[in-house]
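Each chain gets a letter, A, B and so on, in the order the sequences are listed, and its residues count up from 1. As the structure is a prediction and not an experimental result, all values here were calculated from the model.
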Amino acid sequence: MKILSPEEYIHLTSKQSLQQEGSLIRIENPITGRIHTSYQQAVTSTGRLSSTEPNLQNIPIKTAEGRRIREAFVPEKGNVLISADYSQIELRIMAHLSKDKNLTHAFNNNLDIHSATAAEVFGVSLDEVTQDQRRSAKAINFGLMYGMSAFGLTRQLDIPRAEAQKYLDTYFERYTGVKEYMENIKAKAKEDMYVETIMGRRLYLNEINAANGLRRQAAERAAINAPLQGSAADIIKKAMIDINKFLNKEMPEVKMIMQVHDELIFETPKQSSEEVLQLVKKMMEEAVKLDIPLIAEAAIGENWNEAH
DNA sequence: CACTTCGGCGCG
DNA sequence: AAAGCGCGCCGAAGTG
């Protein structure tokens with residue numbers, strides 16, 4: 001193995017070089033034989049990390065080809081990967097912050113949240129929910145957290161405007177706590193000029209009272225989303241600190257190697273991997289205590305695709 | 001030649 | 001006119 005001078009190392013890992021090479025396999029660090037991302041801790045407005053050179057937070061997964069790509073991410077021989085991700089953490093935070101009774105009930109009873117929403121919005125029982133209704137409810141749930149309007153839902157679901165409006169109206173009838181939360185957070189943002197996460201991270205919204213309606217509405221959407229996305233970031237960071245402390249002391253052979261917003265990836269010797277899985281899952285779920293339970297789903301694999 | 005901007009696309 | 005949050009990287013086209 002060649003030991004590189006600092007100049008050579010910096011050249012090989014420079015952004016410029018990265019673009020020239022254009023392939024993960026060629027940016028392997030010659031000293032460690034591995035690919036190393038850099039996490040930026042003071043970039044995003046909400047408190048998330050960002051990942052650069054290379055960005056490992058946007059590796060494909062949604063298509064079959066994408067999953068094949070993930071199979072290329074493997075641990076050292078004798079080790080396995082563990083992926084543990086929070087289930088619906090932002091919606092759970094919405095339940096916690098809004099104290100909405102219906103949403104809280106769904107999470108306290110560990111219901112399939114999109115099916116539960118579909119049952120409410122379409123007025124059917126849980127076991128009558130169709131695939132299509134669940135799909136619509138999922139779009140509503142995600143859209144709400146981003147401050148989406150009826151127009152946005154129309155485009156997302158390819159349905160008439162009036163129907164999208166009816167879905168949203170019904171949603172807010174069934175989830176009045178969420179409706180109040182949306183209104184309250186906007187009102188508070190306009191008064192304070194900022195919103196904050198459960199741990200007090202603030203996002204200042206300079207345009208929340210702008211005369212320009214487009215800019216003002218964009219700030220309102222950010223006001224709705226930032227406490228949800230940002231609190232999720234707070235929670236996983238707390239979990240990372242707890243887990244790191246524990247691993248350093250008790251299981252230094254286990255490495256926490258990646259974070260993808262609501263997911264942590266570990267590399268660990270195969271023998272103890274089942275025990276490690278249970279430990280990290282528990283520490284993620286207990287990172288903070290909310291009004292509703294936090295659930296982390298974890299799996300073991302020979303590559304990133306299998307583990308996820 | 002290095003840098004910037006923009007539209008497109010990958011992820012949560 | 002735009003109407004869904006948060007990111008980073010790519011290629012094409014333009015700038016100096």
Side-chain angles (χ1 to χ4, degrees), chain A residues 11 14-24 26-27 35 37-70 72-73 83-94 138-158 161 164-165 167-168 182 185-186 189 195 197 201 203 205 207-208 210 212-237 258-265 296-297 304-305 308:
Chain A
H11 172 74
S14 72
K15 189 169 184 178
Q16 200 180 322
S17 171
L18 203 70
Q19 284 185 341
Q20 284 170 10
E21 305 298 341
S23 160
L24 284 179
R26 291 181 191 161
I27 58 162
I35 295 165
T37 187
S38 297
Y39 287 108
Q40 314 302 319
Q41 298 200 66
V43 167
T44 70
S45 61
T46 55
R48 277 187 172 181
L49 303 182
S50 90
S51 163
T52 61
E53 296 183 54
N55 181 359
L56 293 186
Q57 292 179 326
N58 72 341
I59 302 300
I61 190 173
K62 292 175 180 173
T63 64
E65 187 183 16
R67 289 188 288 277
R68 283 277 293 142
I69 290 170
R70 290 208 170 202
F73 291 78
S83 167
D85 65 282
Y86 283 111
S87 168
Q88 306 295 351
I89 188 166
E90 292 182 12
L91 271 176
R92 287 170 190 269
I93 291 165
M94 189 156 87
K138 187 174 178 179
I140 293 170
N141 279 332
F142 274 100
L144 279 170
M145 296 189 294
Y146 300 149
M148 188 175 61
S149 65
F151 177 90
L153 194 59
T154 288
R155 212 155 47 94
Q156 176 78 25
L157 296 179
D158 197 24
R161 175 75 174 269
Q165 188 62 57
Y167 288 1
L168 290 181
M182 301 284 181
I185 193 74
K186 280 192 272 189
V195 293
T197 65
R201 170 185 289 272
L203 173 62
L205 296 157
E207 302 197 314
I208 194 71
N212 181 320
L214 287 183
R215 291 169 179 270
R216 188 177 63 249
Q217 284 163 21
E220 288 172 356
R221 293 193 295 272
I224 288 169
N225 180 259
L228 307 176
Q229 185 183 127
S231 295
D234 288 348
I235 292 169
I236 197 167
K237 283 176 173 177
M258 286 194 284
Q259 189 255 41
V260 189
H261 308 307
D262 65 354
E263 171 187 16
L264 296 176
I265 296 99
E297 290 170 346
W304 194 5
N305 184 48
H308 192 282

### Task
May I have the distance from A:Arg221 (atom CZ) to C:dA3 (atom P), rounded to whole angstrom?
6 Å
### Query
So does A:Thr52 get a side-chain nitrogen or oxygen closer than 4.0 Å to the phosphate oxygens (OP1/OP2) of C:dG8?
no
#### Entry: Interatomic distance where CD belongs to A:Glu220 and P belongs to C:dA3 [whole Å]
14 Å
### Task
Quick one: pull up CE in A:Met94 and CD1 in A:Ile224 and give me the separation to the nearest 0.5 Å.
9.5 Å
### Message
Rounding to an integer number of Å, can you tell me how far A:Leu203 CG sits from C:dC7 P?
### Response
9 Å
### Message
At a heavy-atom distance below 4.0 Å, what parts of residues 224-235 of chain A sit against DNA chain C?
### Response
A:Asn225, A:Gln229
### Task
Write down the distance separating the P atoms in C:dA3 and B:dG7, rounded off to the nearest Å.
12 Å
#### Entry: Euclidean distance, atom OH of residue A:Tyr146 to atom P of C:dA2 [Å, nearest integer]
22 Å
### Message
So A:Tyr86 and A:Arg92, do their side chains get closer than 4.5 Å, heavy atoms only?
### Response
no
#### Entry: Span that lies between the C1' atom of C:dA1 and that of B:dC9, in whole angstrom
24 Å
### Query
Hey, are A:Gln229 and A:Thr46 close enough side-chain-wise for a donor-acceptor pair under 3.5 Å?
yes
### Message
Side chains of A:Ser83 and A:Glu263 only: does a donor on one sit below 3.5 Å from an acceptor on the other?
### Response
yes
### Query
Atom CD of A:Glu297 and atom C1' of B:dG12: how far apart are they, to the nearest Å?
15 Å
### Query
Within this structure, what is the CG-to-C1' distance between A:Leu24 and C:dC9, rounded to whole angstrom?
11 Å
### Query
Which nucleotide, C:dA3, C:dC5, C:dG8, lies nearest any side-chain atom of A:Val43?
C:dG8
### Query
Measuring from A:Arg161:CZ to A:Phe151:CZ, what's the distance to the nearest 0.5 Å?
7.0 Å
### Task
Can you measure from CD1 (A:Ile69) to CD1 (A:Ile59) and round to the nearest 0.5 angstrom?
8.0 Å
### Query
Picking from C:dA3, C:dC7, C:dC5, which would you name as closest to the side chain of A:Phe151?
C:dA3
### Message
With rounding to the nearest 0.5 angstrom, report the CD to CG distance, A:Gln40 to A:Asn55.
### Response
10.0 Å
### Query
When the distance from CG of A:Leu49 to C1' of C:dG8 is rounded to whole Å, what number comes out?
14 Å
### Query
Taking only N and O in the side chain of A:Ser45, is any of them less than 4.0 Å away from OP1 or OP2 of C:dC7?
yes
### Task
Run the numbers on A:Leu49 and A:Gln41 for side-chain contact (heavy atoms from CB on, under 4.5 Å), then give the verdict.
CA-CA 5 Å; A:Leu49 303 182; A:Gln41 298 200 66; 4.0 Å; yes
#### Entry: Distance in angstrom units between A:Ile35 CD1 and C:dC9 P, rounded
14 Å
#### Entry: Inter-residue atom distance A:Arg216.CZ - A:Leu205.CG, 0.5 Å rounding
13.5 Å
What nitrogen or oxygen pairs link the protein and nucleotides 8-11 of chain B at under 3.5 Å?
residue	atom	partner	partner atom	Å
B:dG10	N2	A:Asn58	ND2	3.3
B:dG10	N3	A:Asn58	ND2	3.0
B:dC11	OP1	A:Ile61	N	2.7
B:dC11	OP1	A:Lys62	N	2.9

